[in-house]
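Below: the structure, in structure tokens.
Atoms considered below: every heavy atom in the structure, side chains included; atoms not considered: hydrogens, waters and symmetry mates. Bear in mind that the values here come from a model prediction, so they are computed numbers and not experimental data. As the structure lists them, so they are numbered: ligands from 1, and atoms in each ligand from 1. One-based numbering along the sequence shown.
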Amino acid sequence: MTRSLASVADGLRFRTSAWIDGEFVPATSGRTYTSENPATGRPLAEIAEGGAEDVDRAVRAARRAFDDGAWSNASPSERKRTLIRFADLIDAHRDELAATETLDAGKPIADVRALDIPDTAATIRWHAEAIDKLYDQVAPTGPSAVAMIVREPAGVVGAVIPWNYPAQMAAWKLGPALATGNSVVIKPAAQTALSLLRIAELAGEAGLPAGVLNVVPGPGDVVGVAIARHPDIDVVAFTGSTEVGRSFLHHSADTNLKRVVLELGGKSPQVVMADAPPLDAIAPKILDAIFWNMGENCSAGSRLIVHRSRRKELVERLVAAATQEWLVGDPMEDETRIGPMITRGHLERVLGYIEAGRRDGARLVAGGRRVLEDSGGHFLAPTIFDDATNDMRIAQEEIFGPVLTVIPFDTEAEAVAIANDTPYGLAASLYTENLRTAHRMARALRAGTVGVNAYSEGDLSTPFGGYKQSGFGGHDKSVHAHDQYTELKTIWIDMTEAEA
Ligand code: NAP
Ligand code: MG
């Protein structure tokens with residue numbers, strides 16, 4: 001860790017209350033819960049434990065703000081200016097936010113400083129800059145009528161997000177929802193509320209009117225459910241597991257039919273064809289895809305589907321790099337590339353999958369064990385299983401840890417069939433130097449994002465969402481993300497003269 005960042009970390013003062021109607025407030029119940037530092041297993045902060053009554057308070061503030069129009073009726077260029085100030089403030093507090101995120105979520109500081117926090121600001125800025133450049137439509141009615149097709153903010157947006165990219169996932173919801181004029185009530189994951197609470201305060205400083213953004217920390221089965229069932233929330237945007245995502249559809253159906261947008265899990269394939277680029281060039285990308293963010297990434301490339309002719313050499317390289325280059329350690333240290341798993345429970349879950357891989361007959365060739373136990377943190381060595389088959393649990397179920405499963409194939413048809421043979425369809429990567437193969441297979445892979453000769457989630461200009469059970473109802477990022485936060489209205493104006 002650089003000296004300057006060390007002093008930032010030492011001087012941190014966490015915001016630990018709920019942010020409702022433009023101010024920090026304790027939970028109505030007065031209760032708090034403990035958030036821990038996953039690198040030490042020790043308590044980090046006591047956070048307000050919100051309940052259904054706090055969600056209700058936040059929704060009332062959000063509705064009042066929406067109805068008074070200070071934000072929802074502001075001109076797009078005004079909203080743009082405020083949100084750009086907000087993004088600038090996030091950038092200006094990059095070190096503070098990065099240190100907070102690393103202490104709270106165990107993510108490597110180098111990644112958080114270079115990627116998570118800058119991307120959080122960039123996401124807000126991108127949607128802000130887009131919003132005064134989008135036109136509504138006039139329908140081709142002829143002179144007897146004027147029919148305008150206009151977009152209006154949906155109203156009050158609820159958002160429930162996971163712990164793996166706490167600031168960034170918040171921005172993926174807040175950027176498009178706020179730019180389009182909505183009010184928002186957002187629940188961070190309980191383990192990782194600190195960065196978002198500070199970000200909300202910065203939004204206030206930037207001039208976002210009170211009540212437009214509200215943050216209610218607390219457990220998912222209380223605060224998340226209260227958001228899912230609230231009768232005055234118009235849209236709910238969720239990122240997390242497929243299992244919990246599914247419950248939001250039930251809650252919507254049982255209550256007010258709020259719109260539901262789900263970004264869910266994945267078991268994303270990385271397909272390496274016989275004519276892939278040189279292995280030196282692609283091996284680092286393959287490892288990035290699975291070990292970035294400890295594999296706690298919905299789009300992690302967790303299945304390596306490799307042509308039999310390239311398998312041995314590629315796996316040797318991957319094993320060497322996994323053990324030499326992917327340093328596991330204190331996430332506050334600059335050279336650390338793999339920090340701890342988010343909780344002890346999650347570490348146990350990942351170790352359970354490693355055990356299942358062994359039992360099912362896959363060959364463990366790297367990692368497979370807990371490390372740095374003395375730290376009290378939840379560390380795991382980067383792990384590779386070779387010679388797996390796609391029916392094994394480690395090939396079918398989302399592990400959400402640094403575990404790569406290697407599956408060999410012989411023909412292109414077989415590669416596509418294996419790649420598509422999961423309930424998920426979030427992302428895929430494909431390595432080939434043949435242009436026709438690239439186009440043909442990019443179409444055949446059933447995934448929301450296909451990276452060719454790259455592991456990629458696209459950039460802010462491209463939509464991100466899942467096929468099959470990886471997503472529902474919309475996308476994050478790009479102007480397509482505006483769709484789910486807006487209503488389409490037809491205004492039909494009769495132009496015929498009334499008969500005298
Ligand atoms: P999770 O258990 O589904 O939690 C996600 C959020 O939902 C958290 O805020 C959680 O609250 C809340 N929650 C939990 N139970 C709930 C319930 N019964 N009702 C309403 N809300 C509830 O997922 P996770 O383990 O935190 O995150 C990992 C998952 O997220 C993985 O499956 C991953 O693939 C997925 N993910 C997807 C994307 C994407 O864009 N597609 C991105 C990142 C992650 P608490 O945790 O505070 O209890
Ligand atoms: Mg924490």
Side-chain angles (χ1 to χ4, degrees), residues 14 16 33-47 49-50 55 100-107 158-166 168-170 172-173 186-196 215-230 236-251 260-268 293 295-300 302 331 339-343 345-346 349 377-378 397-401 424-427 447-449 457 463-467 469-472 474-477 481:
F14 297 129
T16 56
Y33 68 91
T34 306
S35 176
E36 74 159 31
N37 176 344
T40 62
R42 284 199 288 273
L44 183 66
E46 282 295 312
I47 297 179
E49 184 180 324
V55 170
T100 301
E101 196 86 311
T102 291
L103 289 170
D104 199 17
K107 295 162 62 85
V160 177
I161 58 171
W163 42 259
N164 56 348
Y165 296 87
Q168 230 174 326
M169 287 303 108
W172 283 19
K173 310 300 184 202
I186 183 167
K187 185 196 104 60
Q191 301 94 326
T192 57
L194 295 175
S195 57
L196 180 56
V215 182
V216 184
D221 56 2
V222 177
V223 175
V225 170
I227 289 175
R229 300 188 72 84
H230 202 287
V236 67
F238 169 80
T239 294
S241 61
T242 297
E243 184 194 353
V244 174
R246 201 185 296 282
S247 72
F248 277 80
L249 291 168
H250 288 291
H251 291 310
V260 177
V261 184
L262 307 174
E263 299 287 351
L264 306 172
K267 194 68 196 175
S268 297
N293 211 55
E296 292 170 339
N297 180 5
C298 52
S299 67
S302 51
M341 301 279 90
I342 185 72
T343 56
H346 188 55
R349 187 172 164 267
H378 321 301
E397 295 177 29
E398 183 173 49
I399 298 174
F400 227 57
Y424 296 112
L426 191 55
T449 302
E457 292 184 355
F464 183 78
Y467 279 33
Q469 293 182 39
S470 287
F472 182 91
H475 292 85
D476 286 322
K477 302 198 300 174

- Working for side-chain contact (heavy atoms from CB on, under 4.5 Å), residues Glu36 and Leu44: CA-CA 5 Å; Glu36 74 159 31; Leu44 183 66; 5.7 Å; no
- Message: Walk me through whether Leu103 and Leu194 qualify under side-chain contact (heavy atoms from CB on, under 4.5 Å).
- Response: CA-CA 10 Å; Leu103 289 170; Leu194 295 175; over 6 Å; no
- Query: Judging by distance only, is a nitrogen or oxygen of Gly240 under 3.5 angstrom from one on ligand 1?
  - Reply: yes
- Query: When only distance counts, is Trp172 in polar contact with ligand 1, meaning an N/O pair under 3.5 Å?
  - Reply: no
- Minimum heavy-atom distance Ser195-Pro166, with the two atoms named: OG-CB, 3.9 Å
- When distances are taken from atom 9 (O) of ligand 1, the protein heavy atom at minimum range is Ile161 O, 2.7 Å
- Run the contact test for Gln191 against ligand 1 with a 4.0 Å cut-off on heavy atoms, strictly below, and give the result. yes
- Which atoms of ligand 1 are found less than 4.0 Å from any heavy atom of Gly218? 47 (O)
- Message: Just to confirm my output: which protein heavy-atom neighbour is closest to atom 11 (O) of ligand 1, and how far is it?
- Response: Lys187 NZ, 3.0 Å
- Write the atom name of the N, O or S atom in Glu36 that is nearest the Mg ion (ligand 2). O
- Which of the numbered atoms in ligand 1 are below 4.0 angstrom from a heavy atom of Leu426? 41 (N)
- Message: If I take the Mg ion (ligand 2) as the centre, what angle separates the O atom of Asp104 from the O atom of Gln191? Nearest 10 degrees is fine.
- Response: 100°
- Item | Close aromatic pair by centroid cut-off 6.0 Å: Tyr165 and Trp172 | no
- Proximity winner for atom 25 (O) of ligand 1, if only heavy atoms of Trp163, Phe248, Tyr33 are counted: Trp163
- Item | Check: Gln469 side chain, Thr242 main-chain N or O, donor-acceptor pair, under 3.5 Å | no
- For Asn164, atoms of ligand 1 separated by under 4.0 Å from a heavy atom: 43 (C), 44 (C)
- Message: Whether Lys187 engages the ring of Phe238 as a cation-pi pair (distance to the six-membered ring centre under 6.0 angstrom, angle to the ring normal within 45°) should be assessed.
- Response: no
- Task: Only heavy atoms count here, so choose which of Gly220, Ala159, Ser299, Pro217 is nearest to atom 13 (N) of ligand 1.
- Result: Gly220
- Query: Going by the atom numbers of ligand 1, which of them fall below 4.0 Å from some non-hydrogen atom of Pro162?
  - Reply: 26 (O), 27 (O), 43 (C), 44 (C)
- Message: Any donor-acceptor pair under 3.5 Å linking the side-chain atoms of His346 with those of Gln191?
- Response: no
- Query: Any non-hydrogen protein atom below 4.0 Å of atom 4 (O) of ligand 1?
  - Reply: no
- Item | Residue, atom name and distance, where the atom is the protein heavy atom closest to atom 41 (N) of ligand 1 | Leu264 O, 2.7 Å
- Which heavy atom of the protein is the closest neighbour of atom 1 (P) of ligand 1, given with residue, atom name and distance? Ser241 OG, 3.6 Å
- Task: Within a distance under 4.0 Å of any heavy atom of Thr239, pick out the atoms of ligand 1 and give their elements.
- Result: 5 (C), 36 (N), 37 (C), 38 (C), 39 (C), 40 (O), 42 (C), 43 (C), 44 (C)
- Query: Evaluating non-hydrogen atoms only, which member of Gly265, Ser470, Cys298, Gly465 is closest to atom 42 (C) of ligand 1?
  - Reply: Cys298
- Task: Report yes if Val244 has an N/O atom closer than 3.5 Å to an N/O atom of ligand 1; otherwise report no.
- Result: no
- Message: Distance under 4.0 Å to a non-hydrogen atom of Ala190: what atoms of ligand 1 satisfy this?
- Response: 45 (P), 47 (O)
- Message: Just to confirm my output: which protein heavy-atom neighbour is closest to atom 28 (C) of ligand 1, and how far is it?
- Response: Phe400 CE2, 3.3 Å
- Find all atoms of ligand 1 within a distance of less than 4.0 Å from any non-hydrogen atom belonging to Val160, and give their numbers and elements. 6 (C), 7 (O), 9 (O), 12 (C)
- Message: Please evaluate residues Leu262 and Leu249 with respect to the criterion side-chain contact (heavy atoms from CB on, under 4.5 Å), reporting the C-alpha separation (whole Å), side-chain torsions for both, the decisive distance (0.1 Å), and the verdict.
- Response: CA-CA 9 Å; Leu262 307 174; Leu249 291 168; 4.1 Å; yes
- Using non-hydrogen atoms of the residue, decide whether Phe464 is closer than 4.0 angstrom to ligand 1. yes
- Message: Determine whether Glu457 and Ser299 satisfy the following criterion, side chain to side chain donor-acceptor pair (under 3.5 Å), listing intermediate values before the conclusion.
- Response: CA-CA 8 Å; Glu457 292 184 355; Ser299 67; 2.4 Å; yes
- Okay, side chain of Glu398, backbone of Gly266: is any donor-acceptor separation there less than 3.5 Å? yes
- Passes side-chain contact (heavy atoms from CB on, under 4.5 Å), Phe400 versus Glu296? Steps please. CA-CA 5 Å; Phe400 227 57; Glu296 292 170 339; 4.1 Å; yes
- Message: Let me confirm one number: the CH2-CG distance from Trp163 to Asp104, rounded to the nearest 0.5 Å.
- Response: 12.5 Å
- Side chain, backbone, both or neither: the part of Val223 lying under 4.0 Å from ligand 1 by heavy atom: neither
- Under-4.0 Å heavy-atom contact with ligand 1, by part of Glu398 that carries it: side chain
- Can a non-hydrogen atom of Tyr165 be found less than 4.0 Å from any atom of ligand 1? no
